[in-house]
Amino acid sequence: MIGLIWQGIKDLGLKTLWNSLQYQLRQRRYRTETAAVALEDYRRPGTVIDMSRDGRTVTLQTVSGAYAITVLAPNLFRVRFRPDGDFVPPFSYAITKPDAVWPPCDFTVVTTDAAVTIRTQRLTCRVDRESGRLTFLDPHGNVISEEAEGIAFHPAGPVVCRRRIQPDEHFYGLGERAFGLDLRGRRYETWHTDPQTYQLEQDPIHLCIPVLVGLHSQGQQGYAILFDNTFRGHFDLGATDQDVASFEAEGGEMRYYFIYGPTLASILARYVELTGRTPLPPRWMLGYHQCRWSYYPDERVRKLAADFRHTYRVPCDAIYLDIHYMDGYRCFTWHPQRFPDPAGLIADLHTQGFKVVVIIDPGIKADHRYWVCQSGLENDVFCKLPDGRLLRGPVWPGDCYFPDFTHPRVRTWWGELCRSLVEIGVDGFWNDMNEPAVFGPLGTTFYDVTRHDLDGRSGDHREAHNVYGMQMVRATVEGLKRLRPDERPVCITRSGWAGVQRYALGWTGDNESKWDSLWLTMPMVMNLGLCGLAHTGPDIGGFNGVASGELFTRWLQMGVFFPLMRAHTNFHSPDQEPWSWGEPYLSINRRFIELRYRLLPYLYTAFWQCHQTGAPIVRPLMWAYQDDEATHTLDDQFLCGDNLLVAPLIAADADRRTVYLPAGTWYDFWSDEPIVGPAHISVEASLERIPVFVRAGAIIPMGPAMSYVDEQPVERLELHVYPAAGSGQALLYEDDGESNAFQEGEYRLTRFTLIATGISPTALEIRRATESHYTQACDSFEVVIHGVHHLPLEIVLDGETVAPSQCAVDSDGHSVRLSVGPFRCLRFVWTE
Ligand code: GLC
């Protein structure tokens, strides 16, 4: 304890600690007590007494309120219940697609004595007239999800919906949770919290998303519920009553969106249509990124750059500056001694092919001589208490004021502040502490009574808390779009909410340099992806604590396959750079970072698919094998894009692990050995290896092992072909990787079709068709066919015979390669 206090004094200073203490005392005073409400005090909708239909909405009058059920799409219904029955158009930070924009959708409403039934081709909602309870059914009448006691509300504000858990139901989603993949059996809070290092099973942490995905009936039924209510809430997934899953909030409206799959892919496609798509990031965001708290002064940053480029020759695309670049932690300033010439530094880093990302927190130091504070006071942007005084709370710079990002005018003001950094060359913004966090133990945030604009609707922090961080990154991104309209904005956030994916990518916050933290990254990133936030990744190596060389290397190997590949560490931890542990780690780390770069064409295509369809980049195996129950709780391996299965090592001193391969044939990425699933296999994985398998029928496009920003464009692509019996499809997406020209058609999408007679085929054909046009697209290919050991007898390229001697068998003896130009059909034959 004394140690902790001493550390606190050293880190923050006595004054900030004292302010923090006072703040916490006041926080108690200002906490709005939500009545401890007993279930019997809740009221229920009661019997349905009247029904009317207007356009897409069916209104059901009940004894104590009304439902408005709106059919937005054949598999998407919105359910609202209000005791006052007053259904003004809903305001939502999560939703981007207004009702009027959804295409017309046919549905019928049938009323009987027993029920009112609303039916589309894909989904039925049956409202029991007597109880007022809702059941969702598939077109065959099977239950997808049904209410237990159903909806209830309390006169003091709380609302709840209690649903029956299906016998073999698994639950996923809910944003960033420090639990395994299947969330069933526990209670979770939706109230973003800065945990200052989270442990396994700690809840809540930085980024909650009120999206629950349910899967049951041996994977035949899949659905999602978006509880569109930003108040502090809970999801209880069978913790209190093992047969009941409930979601509740301390205030606001009972409003949820029900999306029927049954496949996870169709759920996500609909969900991102509703809440917004992940933008295509600039390609440098897919490179390796190096961060620590903090690289300073500027000479240290220059040395880091030189270490990457010259001393250790490790590819890297971005260097991050944490809080020490600022003058006394004042946002939008530079420390005059540590960074006397930031523009010069950034220009030099750009010349060496690095991008620069800087941290910006929401707290603005309450210092009336500081320009941002002055501007904020003049423009009346800071959050206030009910008596009109400004909210003040301690964060890194000491006492701060906090912009009210729920006000459109404040967001514009903030966006304009970004100009100062954009003009000196900063490439990306890293928005931290935006739960929002105020110094103090767990749960210290703004006082409940703090006032917010809430986009003109006005309310307090209980309603604004969960969207504060999302509105901060919205302000940043909207500013960046105004300042650099031709570039793709980059903003990384620690907190967010449903829909945050349309503004920012996330990282999984303050984890630990421990093996269970490494493992936890997988279910976390998978569940975030199932909530639409697909672009995420952990602090590789762990944030708090001291990573061993082995832990870092294992984490990095896994990070190769994550959307964001960034190493980061705490101020109190030793450096975590790829060379920090010497050999053999340096060489292994370099090889894996090179592998990341080689995989960029594949990964970038996966990002494009995500942008188009909502399919996450990192997916649980059940994404592709939903009817295989062995995948429903599997959270120590994952799919990366369409065709790679990755099974990281998650324990110290391990050189072997069990891997589950679902049905079909899989090629060992390293040895090309084909293995037939479903099977649990034991795989050898010394430190130089991470178990990776390629789905048979795949084509994996790979590029050179070099950093994207320093050497472009790519001159030759390798097409790694993994034959299977029958036909397979693969995609390759290319564009300039930085501008928005792709939105005007400046891109090329290649569809490959692979037809083969089997593994080690006697004949194989690759067809290649392109869509749209991008001038710099790569037209030179090295086709590498895996799992074959001999030169073909015959090669036909677009109708012309090619001498088999043009091919070469690789030195490992289990693949054959051929260089070709922009072909349309390439055929190989091995036997007569
Ligand atoms: C928070 C962030 C961490 C950052 C630190 C200092 O703990 O989560 O990534 O390094 O603040 O800014």
Side-chain angles (χ1 to χ4, degrees), residues 7-8 10-13 16 20 176 178 192-199 202 204-207 289-296 300-301 304 318-335 338-339 356-365 393-398 400 428-445 469 472-473 491-496 504-513 517 520-521 524 536-547 555 559 564-577:
Q7 193 63 57
K10 273 206 317 200
D11 286 357
L12 309 173
T16 303
S20 166
E176 179 188 69
H192 313 313
T193 302
D194 173 13
Q196 301 157 10
T197 307
Y198 54 82
Q199 322 277 329
Q202 184 167 340
I205 56 172
H206 309 286
L207 201 167
H289 293 190
Q290 187 66 47
C291 187
R292 83 155 286 132
W293 171 18
S294 305
Y295 288 120
Y296 74 99
R300 174 79 184 89
V301 180
L304 181 74
I319 292 178
Y320 287 58
L321 300 181
D322 205 329
I323 48 176
H324 286 86
Y325 79 87
M326 300 180 210
D327 182 7
Y329 304 139
R330 290 171 184 82
C331 293
F332 306 103
T333 67
W334 293 84
H335 194 285
R338 294 175 185 154
F339 291 88
V356 178
V357 180
V358 299
I359 198 165
I360 288 285
D361 295 341
I364 298 300
K365 188 174 175 74
V395 207
W396 300 117
C400 288
F429 285 70
W430 169 20
N431 286 166
D432 187 22
M433 307 296 277
N434 55 355
E435 288 79 12
V438 175
F439 279 163
L442 211 61
T444 310
T445 184
M472 178 189 184
V473 295
C491 180
I492 303 171
T493 187
R494 194 168 74 174
S495 194
L505 62 135
W507 95 101
T508 58
D510 295 348
N511 59 4
E512 292 186 292
S513 297
S517 220
L520 189 57
T521 309
M524 262 187 175
T536 58
D539 286 349
I540 290 175
F543 178 69
N544 282 301
V546 180
W555 214 319
L564 172 67
M565 186 187 189
R566 184 186 82 154
H568 179 42
T569 193
N570 193 319
F571 185 71
H572 305 288
S573 307
D575 287 342
Q576 281 182 188
E577 286 117 32

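Predicted, not measured: the structure shown is a model, and the values here were computed from it. First listed ligand is number 1; within each ligand, the first listed atom is number 1.
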Can I get a per-line list of side-chain donor-acceptor pairs under 3.5 Å for residues 357-364, giving both atom names and the distance, sequence neighbours left out?
none

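Residue Leu321 is tested with Trp293, Trp334, Tyr296 for a side chain to side chain contact (heavy atoms under 4.5 Å, CB included); the sole match is Trp334.
Considering only residues two or more places apart in sequence or on other chains, Arg566 meets the salt bridge (Lys or Arg N to Asp or Glu O under 4.0 Å) condition with Asp539. Judged as a salt bridge (Lys or Arg N to Asp or Glu O under 4.0 Å), and not counting sequence neighbours, Asp322 has no contacts.
Protein residues with any heavy atom under 4.0 Å from ligand 1: Trp293, Asp322, Ile323, Ile359, Trp396, Trp430, Asp432, Arg494, Trp507, Asp510, Phe543, His568.
We find that Asp327 and Arg338 are not joined by a salt bridge, their nearest charged nitrogen and carboxylate oxygen being 4.0 Å or further apart.
The aromatic ring centres of His324 and Tyr329 sit less than 6.0 Å apart.
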